[in-house]
Structure formats: structure tokens, C-alpha cells
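See structure below.
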Amino acid sequence: MESFSLILAIVVVTALAFDFTNGFHDTANAMATTISTGALKPKIAVTMSAALNLAGAFLSVEVANTISKGLVDETGIRPEVIFAALVGAILWNLLTWLVGLPSSSSHALMGGLVGATVASAGFDAVHGGVLVTKVLLPAVAAPVVAGLASFLATRLSYGVGGTGDTEATRKGYRAGQIASAGLVSLAHGTNDAQKTMGIITLALIAGGSLAPGSNPPTWVILSAGLAIALGTYIGGWRIIRTMGKGLTDLEPRQGFAAQTGAATAILASSHLGFSLSTTHVVSGSVMGAGLGRKGGVVRWSTATRMAVAWVLTLPAAALVGAGAESVTDLGDWGTAAVAVFLVAASAAIWKISRREVVDHTNVVEETGEPAGVVTTAIAAVTPPPAGQIADSLTVPAAGELASAGLTTAGLTATIPAPAAEPAPAAPPAATV
């Protein structure tokens, strides 16, 4: 590897910082349901997830190649463009983490890269076919497919095993949850850690340290795996609370179904080189599992906010990336100004987050999220239990009405007395 320039070193450090935010932003994808159902203690869960994220980073480089070779024209990209893209991705990750919304780190990175590339080299430098087939279409299809799979798996689970859970079955499903959560963590490492590998590899090619078309070097794979593992260990507790308690309430067998379906979808997409959003997959799986249990309720107000964040992720990160690229294009002082802005904005977001601390000690507390319009309407028309109707029909006394400034005028009703039963007819006189 050739010597680094200063800007290339800044890009690599910023890319690893993004990888760190990706780790704590997406910890909920693997461990939210496991923590919410009590299958694992919070700190044990994030430790296990961090280790498996690191291991997953070494399983494949297909997603990394999609980013470094396929999404944009690597021959016309400068390191400053990649730096600007990372600024947009990091700031969007931090903002959505602050409000506890599980948005897509993957799409934040893609959006930042597309926006910065367009600002630097124009629309022709973006490979639209790759963007549509390997980013946008999976973004729409993945949560739907994962949700349907989890819905059917949950239905099958309750159909075969019945609706009642004995202590033995609950322990069995919790053990299955732990295994499936580990599989999701491993899958997350194979998909999300590779995105940072791809962006660093692209920067090395743009800076002349690697030949075009090169695969990620070993040190890039290792550093990306360590960064995402460290971020995962820190734990994105705000998003874990939203995913585990704010979206729906899951029983152990639902959590097992949701995580198994999500892991299968993520591993398959990594093998095909799709830059899939693990957040979209897991969110769809959780909602499908929530609806799969009879009487299960999805809090659609939370789901709606998540959907809005998903739609805004690509364009918002793209706008920030394009703006940052416009400033870095002014020279070294422009790059320095963008770096100072990134550090200052990140520090401000962290300081705001300290006003209401969410950590492993309170992550499983209820969010206070309202049940939603549909659930409230159903509850409003639920009839009272039998035998309590008469007790609930009380008539206020006249004195109580007078004290409230009301009268009984117009409030009276005439109830007709029941018709008297006809007297029985006299028996006919006996004849001799």
C-alpha cells in the first residue's frame, strides 16, 4: 500500500467513525426482541452481538464490491467526495438515534455517496441501474418479504404448539431466540460492516493507494469489523427500546420467528451482493410477528414515523452530502470547515441526548406509546362484562344536578307500566 495523504487519512478515520455509529444504531436489529422478551440480559446481549458482528465481517466481500465497484464511477471520484458522503451519513445516523427511530444506516451511506458524487461529477457518475436493482428495490421488497415470512412462521408456531405457553416451551423458544439473534448479528456483520469496507476501498482507489477494481485489503476488513463491533457493544439503547417495546409486544416464540426470518433474508442478500437495509428487514419481521399472534397489535403510529424516516433517509443524506462536497470543493480550508462542523454537530447531538438518558438499566421500560386509533376505537366499543350493566346505570339525584347548574327538565321519561295480565276465565258450570 502506498503512503497516505492527509485527506485520505481523514477519510479512513471518518469512515470508521461512521462504522461505529452504524454499530450502535443497528444493535437493535439483532438484540431488541431478545432483550424485550427477557431471553438475554441487555449487556450480555450486546456483547454477544459485537463478537458475532466482528466474525461476520470476514465471511464475504460481495456487498463491499457493490459499493466500491458498482454504485458510482470510481475513476472520477476524489477522496473529498467520499468524506462529504460520510458526513451526510453520520449526521443522519445521529439524528435518528437521538429520536429513537431505527432508520437505515445503509441508505444514509448510499444517499450521502450519491449526493456528493452528483455534486462533484454530475448524474452520469452514478450508475442508476445498480442503484435501482441493488439498493432501491431491495429496500421496498425486503421488509415485505421478511414480514410475510415472520407472520406465517408465527401463525404456524401457534397453530402447532397451541396458544398456551408452559415454562418449558418458553425456555425452549428463548433458547431459539438466542440462537437466531446470534445469526442476525452474524448476518449484520456480513452486510453492514462490508459497507464501510467498500467506502474505504473506494477512497483508497480514488487516492491512488489501490488499483481500480481491487478487493478490500485485510487491514480494511479487520478495522471495519472492529469499529462496528465496538459500536454494537456500546449499544444503541434508544433504538432498542423503540424496536423492542415501542413497535409491538412480542412473546418468545414471536421473537424467535421474527429473528429467524430476518437472518435468512439478510444472509441471502449478502450472498447476492444486495446492499440491504438490515433495519428494514428486522422491522418488517417484528411487525409480521406481532400481527401473526391472535390479538397481537402493532403500534402503527410508531410504524408510520419509522416509514417516514425510511423515505427521507436517502434524500436527506444526499442533500447533506452534496452540501458538504460543495464546501470541500473550495479547498483545504473548506474540508477543514466541514470537519469542524461534523465534530460540533455530533457533540451537540450527544449533549442533547444526555437530557434523557436511555441505557441498559431502563431500556425495557414501557415507552408510553399510544395504542393507536384502531385499537382505541375497538376498546371504546367493547361491551362491559355480563352482570354489570345494571350496576353501571345510575341516575344522578336532583340535588347533584342543581349543584351543576342543571335541572331535570327535559330529562324525564315516561315508562309505560306493563299491561295487566287478563284474569283467568271462570270454569264452566258443571252439568248433571
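- Inter-residue side-chain proximity for S353 and I349 is flagged as unmet; no heavy-atom pair is nearer than 4.5 Å.
- Side-chain atoms of K351 and R354, non-hydrogen and from C-beta on, never get closer than 4.5 Å to each other.
- Heavy-atom minimum distance, T196 versus A15: CG2-O, 3.5 Å.
- Taking both residues in full, the closest heavy atoms of Q254 and A289 are given as NE2-O, 2.8 Å, listed atom of the first, atom of the second, then distance.
- To the nearest 0.5 Å, the span separating OG1 on T47 from CG on L52 amounts to 11.0 Å.
- Here the side chains of W350 and S346 are not in contact, with every heavy-atom distance at 4.5 Å or above.
- For the pair S120 (side chain) and A116 (backbone), a donor-acceptor distance under 3.5 Å is absent.
- Listed here is the closest heavy atom pair of N215 and L210: O-CD1, 4.4 Å.
- A salt bridge links R78 with D329; the closest basic N to acidic carboxylate O contact falls under 4.0 Å.
- Residues H25 and T21 have side chains not in contact (no heavy-atom distance under 4.5 Å, counting atoms from C-beta outward).
- Applying the 6.0 Å contact sphere to NZ of K43 captures more than 12 heavy atoms from other residues, nucleotides or ligands.
- If you run side-chain contact (heavy atoms from CB on, under 4.5 Å) between I199 and each of T14, L109, D19, only L109 comes through.
- When side chains are defined from C-beta on, H280 counts as touching W310, because their heavy atoms get closer than 4.5 Å.
- To the nearest 0.5 angstrom, T96 atom OG1 is 11.5 Å from R238 atom CZ.
- Counting heavy atoms from C-beta on, the side chains of F24 and L230 never come closer than 4.5 Å.
- Under 3.5 Å, the side chains of T232 and N53 contain a donor-acceptor pair of N or O atoms.
- Environment of CZ in F20: crowded, with over 12 heavy atoms of neighbouring residues, nucleotides or ligands closer than 6.0 Å.
- Within the 3.5 Å criterion, the main-chain N or O of I234 finds a donor-acceptor partner in the side chain of W237.
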